[in-house]
Amino acid sequence: MTVRPIRTFDDPVLRSVAAPVHDFDRELRRLVKALTATMRAGAGRAGLAAPQIGEPVRVVVYSYDGRSGHLVNPRLELSERRITADEACLSAPGLWWPLERSYAVTARGRDMFGKPVTFRALGMLARVLQHETDHLDGVLFSDHLEAAERERFLAAALPG
């Protein structure tokens, strides 16, 4: 499967709300495979959302600590317990920033064949799922930062 280029923070596709998937067809399966190949193409890659490769649809892939897979049209139920940890984004390579997120999530969606999927994720995998699902809503992780921190992050992330 072809590894696709990852869009950077200044690409407008990352600010668009992704469309729900209605057709669980061969094209969707190709997209999931391309996302997975692109995510795995470099070290430290734990998740990727379809908009990050220019596909404005609600699909994410993940791989962390022995758990990997994909979710189509994901919905997350967030725990009240929150934790701060460093977070990074493939659309802003090389930058890590501390961010508070829910410690646990229950993830619901479908697989590439349309079969319902539900699972619980803790810690870093929960963070990955929250991060990637944000991409589907046009939200970048820097949007969660306080204004001064966001300015510092964007100054480091954006060229020029």
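Throughout, numbering of the chain's residues begins at 1 and tracks the sequence. Values below: every heavy atom of this structure, side chains too, minus hydrogens, waters and symmetry copies.
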- Task: Decide side chain to side chain contact (heavy atoms under 4.5 Å, CB included) for Val128 and Val60; before the verdict, give the C-alpha distance in whole Å, the side-chain angles of both, and the deciding distance to 0.1 Å.
- Result: CA-CA 10 Å; Val128 168; Val60 300; over 6 Å; no
- Which of parallel (below 30°), tilted (30 to 60°) and perpendicular (above 60°) describes Phe141 and His131? tilted
- Message: Are Phe113 and Val117 connected into the same hydrophobic cluster when the rule is that any two of I, L, V, M, F, W, Y join if their side-chain heavy atoms are below 4.5 Å apart?
- Response: no
- Give a yes or no answer on whether the side chain of Arg81 reaches the backbone of Tyr103 with a donor-acceptor pair at less than 3.5 Å. no
- Item | Note, His70 side chain near Thr36 side chain (heavy atom, < 4.5 Å) | no
- Query: Does some side-chain heavy atom of Asp134 sit less than 4.5 Å from a side-chain heavy atom of His144?
  - Reply: yes
- Distance-minimising heavy-atom pair for Arg110 and Pro116: NH1-CG, 3.1 Å
- Note on the structure: From the list Leu129, Thr106, Val105, side-chain contact (heavy atoms from CB on, under 4.5 Å) with Phe119 holds only for Leu129
- Distance-only, no hydrogens or angles: does the Glu132 side chain make a donor-acceptor pair with backbone N or O of Ala49 under 3.5 Å? yes
- Task: Return yes if some donor-acceptor pair links the side-chain N/O of His135 with the main-chain N/O of Pro51 below 3.5 Å, else return no.
- Result: no
- Query: Is any side-chain heavy atom of Leu140 closer than 4.5 Å to a side-chain heavy atom of Cys89?
  - Reply: no
- Message: Ignoring hydrogens, what is the shortest heavy-atom contact between Arg67 and Tyr62? Give both atom names and the distance.
- Response: O-CD1, 3.9 Å
- Gln130 side chain to Ser102 backbone, donor-acceptor under 3.5 Å: yes
- Task: Please name the pair of heavy atoms, one in Leu136 and one in Pro74, separated by the smallest distance, quoted to 0.1 Å.
- Result: CD1-CG, 3.5 Å
- Note on the structure: All heavy atoms of Leu31 vs all of Ala50, minimum pair found to be CD2-CB, 4.3 Å
- Rounded distance (nearest 0.5 Å) linking atom CZ of Arg101 with atom CD of Glu87: 4.0 Å
- Output yes when a side-chain donor or acceptor of Ser142 lies under 3.5 Å from a complementary backbone atom of Arg150, and no otherwise. no
- Rounded to the nearest 0.5 Å, how far does NZ of Lys33 lie from OG1 of Thr2? 12.5 Å
- Between CG on residue Leu99 and CG on residue Leu145, distance to nearest 0.5 Å: 5.5 Å
- Item | Arg58/Asp137 salt bridge by N-O under 4.0 Å criterion | yes
- Please answer: with hydrophobic residues joined when any side-chain heavy atoms are less than 4.5 Å apart, are Val59 and Val139 in the same cluster? no
- Value for CG (Asp65) from CG (Leu125), rounded to nearest 0.5 Å, stands at 8.5 Å
- Has the side chain of Asn73 got a donor or acceptor atom that lies under 3.5 Å from a matching backbone atom of Pro20? no
- Message: Between Arg15 (side chain only) and Gly138 (backbone N and O only), is there a donor and an acceptor less than 3.5 Å apart?
- Response: yes
- Got a donor-acceptor contact below 3.5 angstrom from the Thr38 side chain to the Arg4 backbone? yes
- Point-to-point distance, once rounded to the nearest 0.5 Å, from CZ of Arg45 to CE of Met39: 10.0 Å
- Query: Is there a donor-acceptor pair closer than 3.5 Å between any side-chain N or O of Thr118 and the backbone N or O of Arg108?
  - Reply: no
- Task: Please step through side chain to side chain contact (heavy atoms under 4.5 Å, CB included) for the pair Leu122 and Arg120, ending with a clear verdict.
- Result: CA-CA 7 Å; Leu122 305 173; Arg120 185 161 166 80; 4.0 Å; yes
- Stepwise side chain to side chain contact (heavy atoms under 4.5 Å, CB included) check, Arg40 with Val61: CA-CA 10 Å; Arg40 291 184 173 156; Val61 296; over 6 Å; no
- Side-chain (Asp11) to main-chain (Thr8) donor-acceptor, under 3.5 angstrom: no
- Item | Non-hydrogen side-chain atoms of Thr133 and Leu71 separated by less than 4.5 Å | no
- When rounded to the nearest 0.5 Å, the distance separating CD1 of Ile83 from CZ of Arg127 is 7.5 Å
